[in-house]
Structure formats: structure tokens, C-alpha cells
Asks: 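This is the structure I have questions about; it appears just below.
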Amino acid sequence: MFLALQADAKKYPGGITALAKILNKSKEGLANSLDPNHESQPPSFATIVNIIDLTQEKRALFELCQIIDHVPMDLDLDDSSSKECQINQFLTLVNRASEFLGKGSEAIKDLRFDASEKRDLAPLLLELMQVTAKLYKSFNDQ
């Protein structure tokens with residue numbers, strides 16, 4: 001997780017130096033705390049959350065979720081609990097599921113997924129999960 005957090009911090013405009021200034025920490029202290037190979041204390045949980053919030057990167061968040069066997073997912077959190085939105089989301093879900101099942105069934109005919117099939121199916125599966133989550137959220141918003 002600290003390698004991901006360090007990479008996110010380095011990618012921030014101005015890097016670790018700029019983050020250290022915002023967080024009111026020394027740049028050496030912050031850099032050392034983010035380095036998993038350094039003997040200094042790791043950053044506090046509050047600092048980790050602040051870095052994730054400031055950088056708006058996803059590597060560290062993904063690694064944090066992996067610790068508890070979860071996967072984060074981007075969702076548009078607009079208000080979509082109206083009946084029209086729910087119907088539209090349901091129809092989109094059916095469409096995406098059909099597309100994924102069709103391509104997946106074709107790919108698995110040889111009883112395995114090769115690398116190119118996984119590469120083609122992965123975005124469809126992610127989109128299917130996102131549409132499902134949005135519909136589920138809209139059901140719980142009422």
C-alpha cells in the first residue's frame with residue numbers, strides 16, 4: 001500500500017514537497033514515512049486519508065480496499081432514484097448483461113479465457129458491475 005501511496009504522492013503537482021507543505025509536514029519526514037524501505041514511522045491514518053483526498057489518485061485506495069478483499073468502483077452518484085431512471089438503468093443492465101454473456105459465451109467455447117479475451121471482457125464486466133451498483137443504489141435511495 002505504501003508504494004502505491006508514494007507513487008500517488010509523487011504524481012501530485014509539485015510532488016511530495018507540495019503535499020508536505022499542504023499537510024504542514026517536512027518534505028523529508030513525509031517522504032521517509034511514505035517509503036516502505038525506510039525505518040521511519042509510517043504516516044498516520046489521517047495523513048493517508050488526506051493524501052488520498054488531495055491527490056485524487058486511486059492506487060492507494062485500491063490497495064487499501066484489497067486489504068479487506070474489496071474492490072473500489074467509480075460510480076456517478078447523481079440522484080437516480082426516480083422511476084424513469086430506474087427503468088432506464090434496468091434496461092441498460094439487461095443490455096450490458098446480454099452483451100457480456102454473449103461475448104463471454106463465445107470466448108469460453110474452448111473452456112478457457114485467453115489474454116485477449118480477458119482484455120475484451122474486463123471492461124464489459126466492469127461496466128456491468130457499475131450499472132448493477134447504480135441500480136442497486138437507486139433501489140436503496142427510496
Side-chain angles (χ1 to χ4, degrees), residues 1-108 111-142:
M1 183 182 91
F2 290 106
L3 286 175
L5 195 62
Q6 184 184 51
D8 290 347
K10 286 179 178 180
K11 190 175 176 187
Y12 185 76
I16 292 175
T17 303
L19 282 173
K21 186 173 182 178
I22 293 169
L23 296 170
N24 201 25
K25 298 187 178 297
S26 76
K27 70 176 184 176
E28 293 84 12
L30 183 60
N32 291 340
S33 72
L34 295 176
D35 183 352
N37 297 318
H38 198 275
E39 294 179 7
S40 67
Q41 289 287 337
S44 68
F45 186 70
T47 300
I48 292 170
V49 170
N50 283 336
I51 292 171
I52 290 170
D53 183 46
L54 288 168
T55 63
Q56 291 294 298
E57 296 292 332
K58 296 179 179 142
R59 282 179 287 234
L61 185 58
F62 184 83
E63 292 299 324
L64 188 61
C65 290
Q66 288 285 325
I67 292 171
I68 58 170
D69 294 327
H70 285 74
V71 177
M73 184 183 338
D74 287 328
L75 288 177
D76 180 11
L77 296 177
D78 61 350
D79 182 25
S80 55
S81 58
S82 72
K83 287 182 181 180
E84 295 80 19
C85 284
Q86 288 177 344
I87 291 168
N88 198 14
Q89 288 171 349
F90 177 77
L91 294 174
T92 301
L93 173 64
V94 170
N95 180 277
R96 297 303 183 271
S98 176
E99 182 179 1
F100 176 76
L101 292 172
K103 289 185 178 187
S105 296
E106 184 64 33
I108 200 69
L111 300 178
R112 67 182 198 84
F113 292 113
D114 64 32
S116 66
E117 291 166 339
K118 289 178 186 177
R119 187 181 59 247
D120 293 343
L121 290 171
L124 296 174
L125 182 58
L126 180 60
E127 187 177 3
L128 179 60
M129 292 182 339
Q130 290 171 329
V131 171
T132 302
K134 281 183 76 169
L135 181 60
Y136 181 78
K137 181 186 176 305
S138 76
F139 284 175
N140 289 323
D141 286 346
Q142 292 187 356

Asks: Has H70 got a side-chain atom pairing as donor or acceptor with I68's backbone, closer than 3.5 angstrom?
Replies: yes

Asks: Compare all side-chain heavy atoms of D35 with those of F2 and state whether any distance is below 4.5 angstrom.
Replies: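 When only atoms from C-beta onward are counted, F2 and D35 do not touch, as no gap falls below 4.5 Å.
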
Asks: Would you compute the distance between atom CG of L3 and atom CG of D8 and round it to the nearest 0.5 angstrom?
Replies: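 It is 11.0 Å, given to the nearest 0.5 Å.
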
Asks: With a 4.5 Å limit on heavy-atom distance, are the side chains of M1 and I48 in contact?
Replies: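 A side-chain contact exists here, since the closest heavy-atom pair is under 4.5 Å.
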
Asks: Within a strict 4.5 Å, meaning less than it, do heavy atoms of the I67 and L64 side chains meet?
Replies: yes

Asks: To the nearest 0.5 angstrom, please state how far the CD1 atom of I22 sits from the CG atom of N50.
Replies: 10.0 Å

Asks: Could you tell me which non-hydrogen atom of L121 sits nearest to which non-hydrogen atom of G104, and how far apart they are?
Replies: CD2-N, 3.7 Å

Asks: For side chain to side chain contact (heavy atoms under 4.5 Å, CB included), just list the numbers for V71 and Q66, CA-CA rounded to whole Å, side-chain angles, deciding distance to a tenth of an Å, and then say yes or no.
Replies: CA-CA 6 Å; V71 177; Q66 288 285 325; 4.1 Å; yes

Asks: Does the side chain of P72 reach to within under 4.5 Å of the side chain of C65, using non-hydrogen atoms?
Replies: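 The answer is yes; the side chains approach within 4.5 Å.
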
Asks: Is any side-chain heavy atom of L30 less than 4.5 Å from a side-chain heavy atom of T47?
Replies: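 A side-chain contact under 4.5 Å exists here.
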
Asks: Identify whether the distance between the nearest side-chain nitrogen and carboxylate oxygen of R59 and E63 falls below 4.0 Å.
Replies: no

Asks: Going through the distances and angles, do Q130 and L126 end up as a side chain to side chain contact (heavy atoms under 4.5 Å, CB included)?
Replies: CA-CA 6 Å; Q130 290 171 329; L126 180 60; 4.1 Å; yes

Asks: Any sub-3.5 Å donor-acceptor pair from T55's side-chain atoms to I51's backbone N or O?
Replies: yes

Asks: Distance from L101 atom CG to E106 atom CD, nearest 0.5 Å?
Replies: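 Going from the CG atom of L101 to the CD atom of E106 covers 13.0 Å.
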
Asks: Between OG1 of T92 and NZ of K134, what distance do you get to the nearest 0.5 Å?
Replies: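 It is 8.5 Å, given to the nearest 0.5 Å.
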
Asks: Distance-only, no hydrogens or angles: does the S40 side chain make a donor-acceptor pair with backbone N or O of N32 under 3.5 Å?
Replies: yes

Asks: Counting only N and O atoms by type, is there a donor-acceptor contact under 3.5 Å from the side chain of N95 to the main-chain atoms of L91?
Replies: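 Here the side-chain-to-backbone pair does not exist.
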
Asks: Check whether any side-chain heavy atom of L5 sits under 4.5 Å from a side-chain heavy atom of I52, and report yes or no.
Replies: yes

Asks: Indicate yes or no for a side-chain donor-acceptor contact from Q86 to the backbone of S138 under 3.5 Å, with no hydrogens or angles considered.
Replies: yes

Asks: Taking the side chain as every heavy atom from C-beta outward, state whether L124 and E99 have any atom pair closer than 4.5 Å.
Replies: yes

Asks: Can you tell me how far OG1 of T132 sits from CD of Q89, rounded to the nearest 0.5 angstrom?
Replies: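 Here the interatomic distance stands at 10.0 Å.
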
Asks: Got D114 and K118 here, is their nearest side-chain heavy-atom distance under 4.5 Å?
Replies: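 When only atoms from C-beta onward are counted, K118 and D114 do not touch, as no gap falls below 4.5 Å.
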
Asks: In Å, rounded to the nearest 0.5 Å, how long is the span from CD of E117 to CZ of R112?
Replies: 7.0 Å

Asks: Other residues, nucleotides and ligands only: do more than 12 of their heavy atoms fall within 6.0 Å of CD on Q56?
Replies: yes

